[in-house]
*Asks:* 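Quick one: the structure is below, questions incoming.
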Amino acid sequence: MTTNDNKLVTTRRNVLFGVGAAGSALATGLTTARAAEKQGGQVTDAPVSDKTQERQSFYGLHQAGIVTPRPAAGMIASFHVLAETPADVERLFRTLSSRIAFLMQGGTPPELDDKLPPADSGLLGPVVPPDNLTITVSLGSSFFDDRDWLAPHKPARLSRMKAFRNDALDADLCHGDLALQISSNTPDTNIHALRDVLKNLPDLMVLRWKQEGSVPVLPPKPDGAHESARNFLGFRDGSANPDANNAALMDKIVWVPETGTEPEWTRGGSYQAVRIIRNFVERWDRTPLGEQERIIGRKKATGAPHGGGNTEHDVPDYSKDPEGTVTPLDAHIRLANFRTKASEANLILRRPFNYSNGVSKSGQLEQGLLFICYQADLEKGFITVQRQLDGEPLEEYIKPIGGGFFFTPPGPQDESDFVGRTLLQAAGHDVVRKS
Amino acid sequence: MKLKLVLSVSLLTLSAAALPRMANAEVAPLDLVQPIADYKIYVSENLETLVTDTKAFTDAVKAGDVDKAKSLFGSTRMSYEAIEPIAELFSDLDGSIDSRADDHEKAEKDPEFTGFHRIEYGLFTENSTKDLGPFADKLMADVTELNKRITDLTLPPEKVVGGAAALMEEVAATKISGEEDRYSHTDLWDFKANFDGSRKIFDLVRPLVEKEDSAFVTKVSGNFDKVDTTLAKYKTADGYELYDKLTEDDRAVLAAAVNTLAEDLSTLRGKLGLN
C-alpha cells in the first residue's frame, strides 16, 4: 500500500510540474514538499534557518526592540538591582551595554583555559549568531525611588503599576528595578542572551521573574503583504497598531517629546508597559464564534471589523454606528481605541508575544498574552486605554496576573556610549565616553 | 583528628608532567597538601560536634520534649551544613540524613523520607514527637556512620577546593528561597554554616591564590564580608531570626552575594590547577 501511495504522489507531482501552470501558492507547496523529500536527515539534526545572520543595530537615538519588527520569540526578564552608588550604576549600565553589543553583533567568545568554566554557555555553538536579537533595557519606578541621587531625575510619568479592576496580580510576577525585553528569531537565542547577562552581572542584578513568549510564524504572502499575528484567542493582535515605519508618527506616539515636563535625559526614550495576561482558553474555545467576534469587535477569520472590510487593516467607522448595532459599544477594539481626533492622544505601539506556561492546579492551560507596549506618555497611553477597557465583556476570559511599568532610556549613540549614560550625567555623575 | 598519610601520598603521585595546562601554573600540587590537611581537621571537628549535637537533639526527640528538640534543631544542623560538600560524597547517607520531602514521590508521607527534615516536619508542623522515635534512632545511626566513613576517607583535593563553590551553588539553587527548612524556618542557621564552610576552604587556599590574583581574593573576601554583615543583622541571643523575617532587599543582597561567590569560586579549582 505504502509503495503504491508513494507512486501515486510521485505521478501527480510529475504531472503538475509537467503542466507548469500551477499558481504560485501551489508552486510554494510543491517546493516545500520537494525540500522535505531531499532532506533525508537524522531525527536529531538541528532545524535549519537562513535567518541566523539577521542583525539589528544596538546604536542610535532610540534603543532597538521598540519599532523593530517583532520576531518570533520574545522574553521579558525583570531584575532587582543592587547597584546603589553612581559608580556601581555606571558599571551596571556599561557592562550591560557591552554584553548587549556583543550579543546583538554576534561573534566568538574568548577561549579560556579548560580548567576554568567557559566564558559562554555554548548553547548556540562556538560562534554566537546574532539571529535578529535585540535587548531593550528599561528602568522601573523603584530604580529611581530607592536611590536618593536618582529620585529627582525620575521620568515624569513613571509610576509603580497599580492593580486595575480585573487584575489578580501575583507579587512574584510584578514590577522590578530593571527589565530586559529580549527578542530574536528563536527562544534559544533569547535564553542564551539572558544567561550571558546573568553570568556577567551576578553582583549587581538578581533575576526576579521572567516570561517568555512567541508569535506564530506565517508563510510569506505572494504579494509581499504583511498580516498581523494571532494571539491565543485566535484573533489577530496588533491590527490597529500605528505604522512603526512612520517616523513622524512614532515621534508623536512612542518617543518622549522634545518639549514638556519630561527631564531632558529621557529624550529618545519611551515608556514600556508590560502585562502578563492569562487567557482562559478552554472557556474561550467553548464560546460561540459570534459571541467571540462581538466581544472582540472583529471577524475571527479575517480580522476585518464588523459591517464591512476584508482585512484587519480596514478601519471601522464608529460615527455611523453610535448605538453599537454593528460593533457593540463594549467590544474590545472599540473601548481600546475610540478612533476620534481626541483619542489619537492615547495611541500606543503594541509588541506582544503569546505565552504558554504549563497547567494550572485545576488542570487548565496556563497561557495568555505577554503584552508589551510603548508610548510617549504612560498615563495618556496604556493607563488611559486600560481604564477604558475596565469592565469589558472580554474580562470573563482574561486575568492580568503580572507585569510592570518601566521607562526605556534612549539608545547608545555609538560604541563609546552606553544605555543610561544620559541619566547618569543628568544626576551629576561624571561620565567619560570611552571606546 | 587522625590525619591519614594516604592524603599526602595521593597528592605526591600527581607529578607535574601528568598535569595538563594549568590555569595557574605557579601553584604546585604539593602546595595543596597543607591546606587539605588543615581542612581535614576542620571536617573532623565539625563531625565531632555533629555527633554530640545530634545525640542531644535525638535524645530530646525520644524523650518527647518538643520544645527542647525544636530549640536544638537549627544549631544541630550547622556542623553538617558546614561540611556538606564532603558529607555529600556519601549519597546514601546524605539522602537519609538531609533529604527534603520533595525529593520523595509521596512527600512527607513517603516512608523513604527520613532524617533531619522528617523530624523537623513532626516537630514544627505536627508539633509533636509522636512516631519520631525510629527517625531519631536512624538519624543518630546515620550520623555516626558518616563520622566513621569520613574519618577513613582520603579527601580528594578537587572535591575540597570545589566544595567552596558547591556550597554556594546549593544555597543559590535551593536555599535562598527558604525551602530547606520549610517547617522551622531556621534557614539562616544553615546559611551561616554554608557560608562559613565555603569561606573556610577559601581561606585555606587563599595564600596560594593571592600571589597570582589579589584582585580576585579581595573581591571574594568582600562578598563573604557582605554576607556576614547581612546575616549579622538577623542574629539573636541564641542563633538567628526565622527566615520570613528576612526583608526582600536583604534577600536580594544575599542572593547577589551568593551568585557572585558561586561565579567567582567556580574558577578556584582552575586557579589552583585542579581538574
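Proteins get letters first, then strands, A, B, ... in listed order; numbering begins at 1 in each.
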*Asks:* Can you see which heavy atom on A:Leu82 is nearest to which on B:Ala256, and at what distance?
*Replies:* CD1-CB, 3.2 Å

*Asks:* Does B:Lys159 have more than 12 heavy atoms from other residues, nucleotides or ligands lying within 6.0 Å of its NZ?
*Replies:*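 No, because the 6.0 Å sphere around NZ of B:Lys159 holds 12 heavy atoms or fewer from other groups.
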
*Asks:* How long is the gap from CD on B:Glu263 to CG on A:Asn200, to the nearest 0.5 Å?
*Replies:* 8.0 Å

*Asks:* Does the pair B:Glu158/A:Lys115 count as a salt bridge with the N-to-O cut at 4.0 Å?
*Replies:* no

*Asks:* For B:Lys226, does the NZ atom sit with more than 12 other heavy atoms under 6.0 Å from it, leaving out its own atoms?
*Replies:* no

*Asks:* A quick test of your reading: do over 12 heavy atoms of other residues, nucleotides or ligands sit less than 6.0 Å from CG of B:Asp244?
*Replies:*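 Atom CG in B:Asp244 is packed in, count exceeds 12.
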
*Asks:* Top residue by heavy-atom pair count (under 4.5 Å) with chain B, among A:Asp203, A:Asp146, A:Val81, A:Leu204?
*Replies:* A:Asp203

*Asks:* Which answer fits B:Ala257, side chain, backbone, both or neither, if we ask what part of it has an atom under 4.5 Å from a heavy atom of chain A?
*Replies:*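 No part of B:Ala257 comes within 4.5 Å of chain A.
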
*Asks:* How close do B:Ala255 and A:Val206 get, counting heavy atoms only, and between which atoms?
*Replies:* CB-CG1, 3.9 Å

*Asks:* Counting C-beta onward and ignoring hydrogens, is there a side-chain heavy-atom pair between A:His80 and B:Asp249 closer than 4.5 Å?
*Replies:*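 A:His80 vs B:Asp249: side chains touch.
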
